[in-house]
Amino acid sequence: MPNNSILGIHETALMIRSRRTEVLAANIANADTPNYKARDIDFMAAMRRAEKSATNKVDVGTMAVTHDRHIQLSSPSMSNIALRYRNPLQSSLDNNTVDAQKEHAAFMDNALRYQASLRFINGRVKGLLTAIRGD
């Protein structure tokens, strides 16, 4: 995912944080499901991987659009984000590894950081519109 756009790294951060929100919500929803294994995304590792693929222009395992008639992919590197299992602090009797309090805290932290990236992008767009209008 190239970070050479006017939005910088925040474009990539929003996509990864959006995916992480889905994963954390699934963990919370399955807190009472027997044998469910909590998963998460290592945000920093995903950002490093996205940065590396942007600088190298080649990402092993990523599908590339090489012809105008190929189907465009909305976010090709989102499929490459590795989900990792959480290590439970204490095992449960039903082998569920979801710690509801930890998941809620991670969900809220992720939501706040997502909002921060949105505000940065909003400010950037407003600044560009001001420059275009000449205000």
Inset, instruction - Look at atom CG of D32 and say whether more than 12 heavy atoms of other residues, nucleotides or ligands are closer to it than 6.0 Å. - result: no

Inset, instruction - Kindly state each residue pair satisfying ring pair (Phe, Tyr, Trp, His ring centres under 6.0 Å) with at least one member in residues 11-34, sequence neighbours excluded. - result: none

Inset, instruction - May I have all residue pairs that pass salt bridge (Lys or Arg N to Asp or Glu O under 4.0 Å) and include part of residues 115-127, sequence neighbours excluded? - result: none

Legend entry - Results of ring pair (Phe, Tyr, Trp, His ring centres under 6.0 Å) for F120 - residues two or more places apart only: H10

Legend entry - Within residues 11-33 or reaching into it, pairs that qualify as ring pair (Phe, Tyr, Trp, His ring centres under 6.0 Å) - sequence neighbours excluded: none

Legend entry - Pairs flagged by salt bridge (Lys or Arg N to Asp or Glu O under 4.0 Å) wherever residues 84-100 is involved - sequence neighbours left out: D40-R86, R86-E103

Legend entry - By side-chain contact (heavy atoms from CB on, under 4.5 Å) - contacts of A116 (at least two apart): none

Inset, instruction - Indicate, with yes or no, if L14 and L128 share a hydrophobic cluster defined by side-chain heavy-atom contacts under 4.5 Å among Ile, Leu, Val, Met, Phe, Trp and Tyr. - result: yes

Inset, instruction - Return the set of residues passing side chain to side chain donor-acceptor pair (under 3.5 Å) with D109 (not counting sequence neighbours), or none when no residue passes. - result: R113

Inset, instruction - Under the side chain to side chain donor-acceptor pair (under 3.5 Å) rule, collect the residues that match up with N110, sequence neighbours excluded. - result: R17, T21

Legend entry - CG on L24 to NZ on K102, rounded to 0.5 Å: 11.0 Å

Legend entry - Residues that E22 engages under side chain to side chain donor-acceptor pair (under 3.5 Å), provided they are two or more places apart: R19

Inset, instruction - Starting at CD1 of I16, measure out to CE of M47 and round the result to the nearest 0.5 Å. - result: 5.0 Å

Inset, instruction - Check whether any side-chain heavy atom of N96 sits under 4.5 Å from a side-chain heavy atom of N35, and report yes or no. - result: no

Inset, instruction - With sequence neighbours left out, write down each residue that passes side-chain contact (heavy atoms from CB on, under 4.5 Å) with L129, or none if nothing qualifies. - result: V125, R133

Inset, instruction - Could you grab the distance from atom CD of E51 to atom OG1 of T12, nearest 0.5 Å is fine? - result: 9.5 Å

Inset, instruction - Kindly give the heavy-atom pair with the smallest separation between I41 and A46, and that separation in Å. - result: CG2-CB, 4.3 Å

Inset, instruction - Work out which heavy atom in N95 is nearest to a heavy atom in K37; give both atom names and the distance. - result: O-NZ, 2.8 Å

Legend entry - Co-membership, hydrophobic cluster, residues V23 and M44, 4.5 Å side-chain: yes

Inset, instruction - Tell me, please, which residues at least two apart from T97 pass side chain to side chain donor-acceptor pair (under 3.5 Å). - result: none

Legend entry - Transitive ILVMFWY cluster of V98, excluding itself - 4.5 Å side-chain cut-off: Y36

